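None of the values given here were measured: they were computed from a predicted structure.
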Amino acid sequence: LAPGCGRTSADIAGLASLAPCASVSYECTLANVTADFTNSATATGTPPVGPDVTDTDTAGVTVTQPPPPPPPTIDLQIEKTDSPNPVNAGGTLTYTLTARNNGPSTATQVVITDSLPATVTYLSSSSTQGTCSNSGQLVTCAIGTMPVGGTATVTISVRPLQSGTILNVAVIVGAEAETNTANNRDE
């Protein structure tokens, strides 16, 4: 018998005067059960004549563990502005990249990259969080962990070598699954 599930005829309505071929049932709910077990139920009755009658039945109870919580998800967003615009060839152009974690979970291993075109010379980069480096025309900023609602700002300075439109793409990624990838890049 499962612990705490024992009942007597006083506990179960109709059990004290159970008619022939009739049945009665009850449920027992157990909390904090962590392992499978065998439940055994025994019923004893006293007929009008003869000795008491007893019957026992058992049933295996399988305990299933709750599913694990879903993995964390994030919604990282990046927005890029440039200044001055327009800029003269040979002048200094500054890109400001604003990163934000819209949640619903903390983002880890956040990295921002910005692919600079061959028509500019890299001058410098910095971030309000983490560190930035460049390799050729690729700027990489290791931001690290961003809480929900957290922001980081990356500043990249370049020198345009010629007149015309300058196109570069900034991308943000984290270790967790994204709920919205449409805002992970800005041109």
To check you understand the geometry: which heavy-atom pair defines the closest contact between [X] and [Y], and what is its length?
X	Y	answer
Met146	Thr151	CE-CA, 3.7 Å
Ala99	Ile112	CB-CD1, 3.7 Å
Ala89	Ser163	CB-N, 4.1 Å

Report summary line: The side chain to side chain contact (heavy atoms under 4.5 Å, CB included) partners of Glu79 (sequence neighbours excluded) come to Gln77, Asp186
[X] vs [Y] side-chain heavy atoms within contact, under 4.5 Å:
X	Y	value
Tyr122	Leu138	no
Thr153	Thr96	yes
Glu178	Thr73	no
Ile172	Val110	yes
Ser127	Ile143	yes
Thr94	Asp82	no
Cys141	Val139	yes
Leu161	Thr121	yes

**Report entry** Asp75 side chain to Asn101 side chain, donor-acceptor N/O pair below 3.5 angstrom
**Finding:** no
**Report entry** Inter-residue atom distance Thr113.OG1 - Arg185.CZ, 0.5 Å rounding
**Finding:** 9.5 Å
Requested in this report: Determine the sole option in Asn168, Thr98, Asp114 for which the side chain to side chain donor-acceptor pair (under 3.5 Å) test with Lys80 is passed.
Outcome: Asn168
